[in-house]
Amino acid sequence: MLTKMNSSPRTFIITGGNSGLGYACAKHIAKADSNHLVILACRNAAKANEAVQSLTKETNNKNITSLELDLASLESVRNFVSMFSSLNYPPLYALVCNAGLIMVDKTHYTQDGFESTFGINHLGHFLLVNMLLEKMIDSGRIVFVSSGTHDPAQKTIVAAPVYENARLLAYPTEMSSNESMLTVGQRRYSTSKLCNIYCAYELAERIEQQTKKKITVNAFNPGQMAGTGFSRTFPPLMRFVMKHLLPAFALFRPNGNAANKSGEALASLVLNPDLHETTGKYFDGTREIKSSDLSYNRDNRKDLWKTSVELTKLNKRETILSLD
């Protein structure tokens with residue numbers, strides 16, 4: 001059971017909140033206090049509306065709505081911020097950067113020409129967070145949903161990350177003839193989840209050093225959640241196994257979680273009053289732990305930030321932070 005916060009009206013934005021982990025997180029936030037306004041930031045308006053109706057019935061909280069956001073389009077991110085700013089919502093308290101995907105069938109590209117895994121999982125969120133910082137209350141919270149797959153030392157079903165530089169992630173070279181698309185797609189995913197941690201750590205440090213706001217920024221590992229649509233671009237046999245068989249064994253796997261359990265843990269990172277000063281940390285569920293050795297590489301962090309500014313064309317009017 002989550003501890004109740006100050007019951008003054010506050011706004012919570014959750015990207016990809018119409019299903020899976022995002023939906024479960026939204027449910028627990030909405031249930032915690034009827035004054036919480038929960039915004040599902042989703043690409044598919046019809047699915048978002050269905051989720052809003054379902055969540056309203058489940059939680060008896062009428063303060064749930066949706067706004068269109070396509071993280072594969074930088075224009076859509078900017079339009080989302082513009083629309084949000086024009087609406088008379090309660091103060092923005094929390095932003096949960098949850099939306100993400102893995103592509104293992106072929107190389108996909110965003111509307112801006114970036115490889116989709118990197119473009120959606122990292123770049124779209126990078127721009128969104130920067131543009132919303134000024135609108136967040138001084139004690140607000142930001143959480144990036146990462147993954148245990150970012151850590152090469154962990155035994156996961158996904159290929160380990162490889163970070164050379166951010167520009168290469170945005171514009172990948174031709175695949176090696178001795179690698180399969182399945183492996184390449186998995187590696188792009190795990191590397192994007194490493195980027196989420198780099199971004200969280202760099203953002204936390206910049207907010208502390210460059211602003212007077214006490215906004216906290218943390219990264220979150222939900223664990224392996226079978227049956228949540230994660231495997232939709234996988235080959236048919238793997239997709240069947242992950243969707244129908246793995247959920248039956250989830251309770252017996254040490255790093256396996258149901259979406260509802262992980263969603264409650266994610267919600268606690270923005271609701272738990274004990275975490276009001278905790279920033280720049282990595283959580284495995286509700287446990288604060290060390291992230292991978294690779295995730296503390298400051299050169300990679302700086303490269304990612306600098307390149308992300310360039311690729312998104314972030315300008316001084318759009319962020320309260322330094323672009324350097």
Side-chain angles (χ1 to χ4, degrees), residues 2 5 8-45 47-49 51-52 55-56 59 61-74 76-100 120-146 196 199-200 203 207 213 215-220 222 263 266-272 275 312 318-320:
L2 295 169
M5 298 173 56
S8 59
R10 299 179 179 195
T11 295
F12 297 72
I13 296 175
I14 304 168
T15 67
N18 63 286
S19 63
L21 177 66
Y23 182 96
C25 175
K27 179 179 70 175
H28 288 287
I29 291 173
K31 271 186 173 180
D33 193 320
S34 59
N35 279 323
H36 291 165
L37 170 68
V38 179
I39 298 176
L40 309 183
C42 306
R43 178 180 57 85
N44 188 311
K47 289 183 178 179
N49 288 333
V52 168
L55 283 167
T56 301
T59 65
N61 184 337
K62 293 179 171 50
N63 297 314
I64 304 173
T65 189
S66 65
L67 286 177
E68 186 174 342
L69 172 66
D70 184 358
L71 290 164
S73 163
L74 298 180
S76 176
V77 174
R78 288 183 163 95
N79 288 342
F80 173 89
V81 175
S82 178
M83 177 62 71
F84 172 76
S85 303
S86 71
L87 298 168
N88 189 29
Y89 288 140
L92 177 58
Y93 174 72
L95 173 59
V96 179
C97 297
N98 160 74
I120 293 170
N121 295 5
H122 166 67
L123 280 178
H125 281 127
F126 171 85
L127 180 61
L128 179 67
V129 167
N130 270 280
M131 292 188 70
L132 287 175
L133 278 177
E134 186 178 20
K135 306 179 189 311
M136 293 192 77
I137 62 176
D138 289 348
S139 58
R141 302 188 190 186
I142 298 169
V143 179
F144 288 87
V145 175
S146 180
N196 291 150
C199 192
L203 186 63
I207 290 173
K213 289 177 177 275
I215 297 171
T216 64
V217 189
N218 295 295
F220 172 77
L266 177 55
S268 75
L269 294 190
V270 295
L271 295 178
N272 188 342
L275 299 177
T312 60
E318 294 178 324
T319 184
I320 61 176

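All values derive from a computational prediction rather than experimental measurement. All residue numbers in this chain count up from 1 along the given sequence.
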Tell me which one of Leu123, Thr312, Val81, Leu74 satisfies side-chain contact (heavy atoms from CB on, under 4.5 Å) with Leu128.
Val81
Distance in Å, Asn61 CG paired with Asp33 CG, rounded so as to fall on 0.5 Å steps
8.0 Å
Shortest non-hydrogen contact from Leu95 to Met136?
N-CE, 4.2 Å
Geometric class of the His125/Phe144 ring pair [parallel <30°, tilted 30-60°, perpendicular >60°]
perpendicular
Can you confirm whether more than 12 heavy atoms, excluding those of Glu318, are under 6.0 Å from its CD atom?
yes
Just verifying a value: how many Å separate Tyr93 OH and Asp138 CG, rounded to the nearest 0.5 Å?
12.0 Å
Within a strict 4.5 Å, meaning less than it, do heavy atoms of the Leu40 and Thr65 side chains meet?
no
Between the side chain of His36 and the main-chain N/O of Ile29, is any donor-acceptor distance below 3.5 Å?
yes
Rounded to the nearest 0.5 angstrom, the CZ-SG distance for Phe220 and Cys25 is 8.0 Å
Side-chain touch Val96/Leu269, heavy atoms, less than 4.5 angstrom
no
Check whether Ser73 reaches the backbone of Asp70 with its side chain - one donor and one acceptor, N or O, closer than 3.5 Å.
no
Given side chains that start at C-beta, do those of Leu133 and Leu203 come closer than 4.5 Å, heavy atoms only?
yes
Non-neighbouring partners of Asn63 that pass side chain to side chain donor-acceptor pair (under 3.5 Å), sequence neighbours left out:
none
Lys135 and Leu92 have their tightest heavy-atom pair at O-CB, 3.7 Å
For the CG atom of Asn49 and the CG atom of Asn18, what is their distance to the nearest 0.5 Å?
10.0 Å
Please confirm whether the backbone N or O of Ile215 pairs with a side-chain atom of Arg141, one donor and one acceptor, at under 3.5 Å?
no
For residues Val38 and Leu55, determine if any side-chain heavy atom of one lies less than 4.5 Å from a side-chain heavy atom of the other.
no
Run the numbers on Met131 and Thr319 for side-chain contact (heavy atoms from CB on, under 4.5 Å), then give the verdict.
CA-CA 5 Å; Met131 292 188 70; Thr319 184; over 6 Å; no
How far apart are the C-alpha atoms of Leu275 and Thr216, what are their side-chain angles, what is the distance that settles it, and do they pass the side-chain contact (heavy atoms from CB on, under 4.5 Å) test?
CA-CA 9 Å; Leu275 299 177; Thr216 64; over 6 Å; no
For Ala24 and Gly263, work out which heavy atoms get closest and say how close.
CB-CA, 3.8 Å
Side chains of Leu71 and Arg43, heavy atoms from C-beta outward: is any pair under 4.5 Å?
no
For the side chain of Asn98 and the backbone of Gly16, is there at least one donor-acceptor N/O pair under 3.5 Å apart?
yes
Compare all side-chain heavy atoms of Ile320 with those of Lys213 and state whether any distance is below 4.5 angstrom.
yes
Would you say the side chain of Ile39 lies within less than 4.5 Å of the side chain of Phe12, judging by non-hydrogen atoms?
no
State, to 0.1 Å, how close Leu69 and Val77 come at their nearest heavy-atom pair, and which atoms those are.
CD1-CA, 3.7 Å
Restricting to non-hydrogen atoms, name the atom on Pro90 and the atom on Thr11 that form the minimum distance, rounded to 0.1 Å.
O-OG1, 2.8 Å
Tell me, please, which residues at least two apart from Phe80 pass ring-ring contact (aromatic ring centres under 6.0 Å, His included).
none
Asn272 (side chain) donor-acceptor with Ser268 (main chain) under 3.5 angstrom:
no
Atom OG1 in Thr15, atom CD1 in Ile120: separation rounded to 0.5 Å?
11.0 Å
CZ/Arg78: more than 12 non-hydrogen atoms of other groups inside 6.0 Å
yes
Please find the pair of heavy atoms, one from Cys42 and one from Ala48, that lie closest to each other, and give the distance.
CB-CB, 3.8 Å
Report the distance from atom SG of Cys199 to atom CG of Asn121, rounding to the nearest 0.5 Å.
12.0 Å
Would you say Tyr23 and Ile14 make side-chain contact, with heavy atoms under 4.5 Å?
no
